[in-house]
Amino acid sequence: MQLASWNVNSIKKRLGLVQCLLKKSNLDVLLLQELKCTTDSFPFLEIESMGYNVRVHGEKSYNGVACISKHAIEDVRTSLIFGDTQARYMECLVIKNEKAFRIINVYVPNGGSIDSKNSLYKIKFFDALQERVHDAMEYDEPLIVAGDYNVALYDIDVYSPARLTDSVCFHISMRRKARELFGLGMRDAFRLLHANERTFSWWDYRASAWRSNRGMRIDNILLSPLAVDMLDKAYIETFWRNESEPSDHVPIFCKLH
DNA sequence: ATGTCGACGGAGCGTCGA
């Protein structure tokens, strides 16, 4: 099971790059975030014609998540918080060779600034996610929870811990909240295999952050114990940030046997 | 803190969100 996750910051702008990734990487599953399109306006034909199944949970202008899979996609659910209108969640089963994987795709709210109402929504999202992951871990399938967490978890995951203490994507309250998933037994695939590697998954478009490598690792693939037992590889392809008209995020990968 | 993006409304560029 070769899986990748990518915040594309508009699927319309990044369709060519996504097709390029699908062609060059032998992915079973690709999870996308920040589609910035409605479900109806997603480029289904362009992806499906490459031999993939596609499920989309979209929204006008903002957010939006999708699951792209070579294999059957079943039991899709897109509701995490009752009454929430923002398209940030998709859970499904992917069946490869009669083996089921439970896959959760998240686009965690950015949170604006740390003392804003939006940051309360971010906390609420994490609480709901934790509750759902707690329940989903009870099933027999290996569980993968991947996407844009909008939080870097540890000092090694950012270019400058000191400069980012007040950032909503590195604030200690948000890091603690996200780390509660570890308390349930989930593990960070990348960090399991690269204890000391400082590789980022996002760089601000502004202030030549990419050129200076001022980035953060805010995209994660978390694995349940059953999935950890199958983990072979975890890596980040930073070179996608060098493409013309890149997303501000790059895709992250893991391979389970 | 913000020098950049992308979508939108409406048709030029300001606003929102990140």
Side-chain angles (χ1 to χ4, degrees), chain A residues 5-21 31-44 46 56-66 80-81 84-89 105-126 129 146-153 157-175 177-178 200-220 236 238-252:
Chain A
S5 169
W6 197 0
N7 177 322
V8 290
N9 187 19
S10 167
I11 185 58
K12 286 192 186 101
K13 283 279 177 185
R14 242 59 74 183
L15 177 60
L17 289 181
V18 167
Q19 289 178 307
C20 189
L21 172 66
L31 305 176
L32 301 178
Q33 303 89 35
E34 228 181 335
L35 305 173
K36 290 186 169 176
C37 72
T38 60
T39 300
D40 287 346
S41 61
F42 185 91
F44 284 97
E46 289 82 347
V56 174
H57 179 39
E59 177 190 345
K60 190 175 180 181
S61 301
Y62 305 116
N63 312 316
V65 289
L80 180 65
I81 300 171
D84 193 357
T85 58
Q86 300 193 21
R88 298 178 172 276
Y89 184 86
N105 181 6
V106 289
Y107 177 41
V108 176
N110 175 290
S113 63
I114 196 63
D115 49 5
S116 69
K117 194 177 169 192
N118 238 353
S119 76
L120 297 179
Y121 173 48
K122 185 172 188 171
I123 296 282
K124 191 174 171 185
F125 190 95
F126 271 121
L129 180 62
D148 178 359
Y149 282 75
N150 261 315
V151 171
L153 295 164
D157 297 316
V158 302
Y159 72 97
S160 170
R163 286 173 68 169
L164 290 165
T165 47
D166 295 330
S167 159
V168 74
C169 294
F170 193 62
H171 194 271
I172 188 62
S173 63
M174 293 299 175
R175 285 148 67 193
K177 184 49 70 177
F200 306 133
S201 66
W202 171 87
W203 299 260
D204 201 315
Y205 281 122
R206 293 167 292 190
S208 51
W210 165 242
R211 198 156 39 90
S212 320
N213 197 28
R214 287 193 290 266
M216 305 171 77
R217 195 171 68 90
I218 55 176
D219 300 88
N220 287 302
I236 304 173
T238 57
F239 59 80
W240 294 94
R241 194 63 171 74
N242 270 331
E243 294 286 333
S244 70
E245 299 197 310
S247 170
D248 45 355
H249 297 250
V250 293
I252 61 173

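Each chain gets a letter, A, B and so on, in the order its sequence line appears, and its residues count up from 1. Heavy atoms only: backbone and side chains are in, while hydrogens, waters and symmetry mates are out.
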Between atom CD in E59(A) and atom C1' in dG6(B), what is the gap in whole Å? 15 Å
Output the rounded distance in Å from CG (L35(A)) to C1' (dC5(B)). 17 Å
Can you check the W203(A) CH2 to dC5(B) P distance for me, whole Å? 15 Å
Take the protein atom CD of Q86(A) and the nucleotide atom C1' of dA7(B), then report the distance between them rounded to whole Å. 15 Å
Flag, side chain of Q19(A) to backbone of E46(A), donor-acceptor distance under 3.5 Å: yes
Output the distance between atom OG (S5(A)) and atom NE2 (H249(A)), rounded to the nearest 0.5 Å. 9.5 Å
With respect to the side chain of Y205(A), which nucleotide from dT2(B), dA7(B), dC5(B) is positioned closest? dC5(B)
Under 4.0 angstrom between R14(A) side-chain N/O and dG6(B) OP1 or OP2: yes
On a whole-Å scale, what distance lies between the P atoms belonging to dG10(B) and dG6(B)? 22 Å
How long is the line joining CG of D248(A) and C1' of dA18(B), in whole Å? 7 Å
Using modelled atom types only, decide if a donor and an acceptor are shared between the side chain of S208(A) and the backbone of R211(A) within a distance under 3.5 Å. no
Can you work out whether W202(A) or P246(A) has the more 5'-proximal nearest nucleotide on DNA chain B? P246(A)
Give the rounded distance in Å between these two atoms: NZ of K12(A) and C1' of dC8(B). 11 Å
Respond yes when some side-chain nitrogen or oxygen of N118(A) is under 4.0 Å from OP1 or OP2 of dA18(B), and no when none is. yes
Side chain S247(A), main chain N7(A), donor-acceptor under 3.5 Å: yes
Would you confirm whether R88(A), through its side chain, and V106(A), through its main-chain N or O, come within 3.5 Å as a donor-acceptor pair? no
Suppose you measure atom C1' in dG3(B) against the same atom in dA18(B); what distance do you get, rounded to whole Å? 16 Å
Could you check which of dA18(B), dA7(B), dC8(B) has an atom nearest any side-chain atom of K13(A)? dA7(B)
Can you figure out which of dA1(B), dC8(B), dT4(B) approaches the side chain of R206(A) most closely? dT4(B)
Can you tell me the distance, in whole Å, between the CG atom of N9(A) and the P atom of dC5(B)? 11 Å
Taking only the side-chain nitrogens and oxygens of K122(A), find out if one of them lies under 4.0 Å from OP1 or OP2 of dG17(B). no
Per R88(A) side chain, nearest of listed nucleotides dC8(B), dA1(B), dA18(B): dA18(B)
In whole Å, measure the gap between the C1' atoms of dC16(B) and dT2(B) for me. 16 Å
Nearest to the side chain of Y159(A), which nucleotide is it out of dC8(B), dA1(B), dG17(B)? dA1(B)
Interatomic distance at C1', dA7(B) relative to dG12(B), whole Å: 15 Å
Just the rounded figure in Å: distance from P of dT4(B) to CZ of R241(A). 13 Å
By nearest-heavy-atom nucleotide on DNA chain B, the more 5' of I11(A) and H249(A) is I11(A)
For the backbone of D248(A) and the side chain of N9(A), can you confirm whether one donor and one acceptor N or O come within less than 3.5 Å of each other? no
